[in-house]
Chemist: 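Quick one: the structure is below, questions incoming.
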2 protein chains.
Amino acid sequence: MSEVEGDVCDRATQIVAAAYDLLDEAGLEGLTIRAVLLRTGLARRAFYDCFAGKDDLVLAVFAHTLRLAATLFAEQVDALPDPMARLRHIVTAIVLGRGMADQAPSEQGQRRGAALSREHLRLAEARPAALQKAVSPLIDLIARQMSDGMAAGQVRAAAAPWMAMLVYNLVSTTVHTELLAEEGARPDLQRRTVLAGDIWEFCWRAIKA
Amino acid sequence: MSEVEGDVCDRATQIVAAAYDLLDEAGLEGLTIRAVLLRTGLARRAFYDCFAGKDDLVLAVFAHTLRLAATLFAEQVDALPDPMARLRHIVTAIVLGRGMADQAPSEQGQRRGAALSREHLRLAEARPAALQKAVSPLIDLIARQMSDGMAAGQVRAAAAPWMAMLVYNLVSTTVHTELLAEEGARPDLQRRTVLAGDIWEFCWRAIKA
DNA sequence: CAGCATTGAGAACAGCGTTCTCGAAACGAA
DNA sequence: TTCGTTTCGAGAACGCTGTTCTCAATGCTG
């Protein structure tokens with residue numbers, strides 16, 4: 001253990017970071033074990049010492065991304081007055097690609113988000129428990145606002161986690177279907193803004209008291 | 001051309017049928033070119049004469065399934081009195097797995113539906129136009145009910161195709177996420193029924209006038 | 001019948017995720 | 001120090017995928 005940097009085994013972190021970048025640069029097709037190893041300089045074996053397989057890696061990226069987004073959103077909505085405004089902010093932010101580590105709604109973040117959305121259903125089938133755990137930070141945040149909204153009489157009484165999942169699924173899949181369907185490469189902020197507005201109106205009507 | 005059955009080139013149909021069955025039996029993982037060829041007895045080359053690649057095949061299955069479902073739903077809703085009841089019927093039927101060629105909400109149909117949902121985002125990225133065309137029968141049917149509903153004052157004024165897509169995306173992804181997350185193998189009709197009810201309530205509130 | 005386009009059977013290729021082998025390096029004990 | 005053991009990096013290998021290519025058999029046309 002004479003490495004100049006690195007603790008016990010932050011190779012997992014290192015690998016996740018590489019996967020993160022690869023996803024940004026080339027989407028799901030660009031995320032291969034070999035590419036990750038090439039980028040990190042690690043050996044094949046090191047990877048399988050840290051992760052049980054590719055699914056584990058994708059799950060880790062999933063968890064990392066959503067934990068980050070949830071943390072960011074949680075801070076941002078603190079300033080907002082009521083639960084409904086907070087929900088609105090979260091939904092809008094997801095559509096606009098906020099919540100990514102790097103400031104703007106980058107094309108990269110969009111690619112990663114799309115890739116993760118694409119993996120969502122597969123992982124739901126292959127590793128339901130792990131996926132649920134990975135997504136929970138954001139879902140829980142949304143559910144919490146739902147509950148608060150119910151207490152405040154803004155949101156209709158219903159199962160908060162259930163509605164949170166509905167909203168998250170709707171937003172996640174719709175935004176990526178819509179944005180990727182347009183061959184226009186770069187963000188197009190205006191289009192995204194009306195998209196965010198429309199999606200939010202749909203959700204708002206669905207959940208309001 | 002001395003085949004006992006078969007017209008000019010219904011091999012495409014034959015291949016799609018085989019793919020259809022494979023999807024039912026083993027999900028996306030079971031759908032491989034080799035398996036299709038084995039099942040149909042066709043040669044490798046015959047496949048690539050009919051389809052440009054695997055994407056084309058999946059797209060064809062997509063189109064076939066949704067065209068069938070749309071036709072079925074269109075007949076079923078004819079008897080219903082108002083647009084909102086028709087929309088309700090369609091949404092509920094999708095969740096319950098009606099609209100499959102074979103009567104009941106079979107586990108097979110669920111597998112195929114899940115597989116197609118999983119491919120949705122990938123095809124949206126890789127072949128947006130073709131996917132749009134494949135999904136259009138069902139989306140259009142929903143959109144038509146939306147328009148009728150607007151004319152009748154039951155549905156809020158908005159872009160009907162847009163809301164139809166939102167509803168379809170929500171229903172499609174949610175039902176499969178939910179159903180596949182539960183490791184319980186067979187249908188569980190009761191659970192599906194409350195699922196259908198909840199999803200419909202969400203959609204109904206989102207679109208009602 | 002001769003020539004030619006079509007097509008079936010399957011080998012071959014490139015890529016993937018995953019596993020295995022093997023030799024070098026690192027470490028602890030005598 | 002020296003030996004034995006353990007760890008681990010480098011990469012070959014395996015089985016699978018989608019796709020392309022080769023080649024000979026087949027059937028149609030002149």
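Throughout, protein chains are lettered first and strands after them, A, B, ... in sequence-line order, and every chain is numbered starting at 1. What you see is a predicted model; the values in this text were computed from it and never measured.
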Chemist: Please give, in whole Å, the distance from D:dC8 C1' to A:L37 CG?
Modeler: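 Atom-to-atom, A:L37 to D:dC8, this comes out as 14 Å.
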Chemist: Tell me, please, which residues at least two apart from B:H89 pass ring pair (Phe, Tyr, Trp, His ring centres under 6.0 Å).
Modeler: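 Counting only residues at least two positions away or on another chain, B:H89 forms no ring pair (Phe, Tyr, Trp, His ring centres under 6.0 Å).
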Chemist: With no hydrogens and no angle check, is any side-chain donor or acceptor of B:R111 less than 3.5 Å from a backbone partner on B:E25?
Modeler: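 Confirmed, B:R111 side chain pairs with B:E25 backbone.
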Chemist: Please report the distance, rounded to the nearest Å, between CG in B:L22 and P in D:dG18.
Modeler: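 Distance, rounded to whole Å: 11 Å.
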Chemist: What is the distance, to the nearest angstrom, from the CG atom on B:L38 to the C1' atom on D:dC16?
Modeler: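 Atom-to-atom, B:L38 to D:dC16, this comes out as 15 Å.
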Chemist: Could you state the CZ-C1' distance from B:F51 to D:dT20, rounded to the nearest angstrom?
Modeler: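 After rounding, the reported distance stands at 19 Å.
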Chemist: Can you sort out the partners of B:R156 under side chain to side chain contact (heavy atoms under 4.5 Å, CB included), two or more places apart, ordered by chain and number?
Modeler: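 Testing B:R156 for side chain to side chain contact (heavy atoms under 4.5 Å, CB included), a comparison that skips the adjacent residues, returns A:E201, A:F202, A:R205, B:A158, B:M163.
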Chemist: Taking B:H176 for its side chain and B:S172 for its backbone only, find out whether a donor-acceptor pair lies under 3.5 Å.
Modeler: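 Here the side-chain-to-backbone pair exists.
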Chemist: Examine distances only and state if a side-chain atom of A:S136 and a backbone atom of A:K133 form a donor-acceptor pair shorter than 3.5 Å.
Modeler: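 Side chain of A:S136 to backbone of A:K133: a pair is present.
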Chemist: Below 3.5 Å is the cut-off: list the nitrogen or oxygen pairs between protein and nucleotides 16-20 of chain C, distance only.
Modeler:
| from | atom 1 | to | atom 2 | distance (Å) |
| --- | --- | --- | --- | --- |
| C:dG17 | OP1 | A:K54 | NZ | 3.0 |
| C:dG17 | OP2 | A:I33 | N | 3.1 |
| C:dG17 | N7 | A:R34 | NH1 | 2.7 |
| C:dG17 | O6 | A:R34 | NH2 | 3.1 |
| C:dT18 | OP2 | A:Y48 | OH | 3.1 |
| C:dT18 | OP2 | A:K54 | N | 2.9 |
| C:dT18 | O5' | A:Y48 | OH | 3.4 |
| C:dT18 | O4 | A:R44 | NE | 2.8 |
| C:dT18 | O4 | A:R44 | NH2 | 3.3 |

Chemist: Give me the ring orientation class for B:F62 and B:H120: parallel if the planes are under 30° apart, tilted from 30 to 60°, perpendicular past 60°.
Modeler: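 Rings of B:F62 and B:H120: perpendicular, as their planes differ by over 60°.
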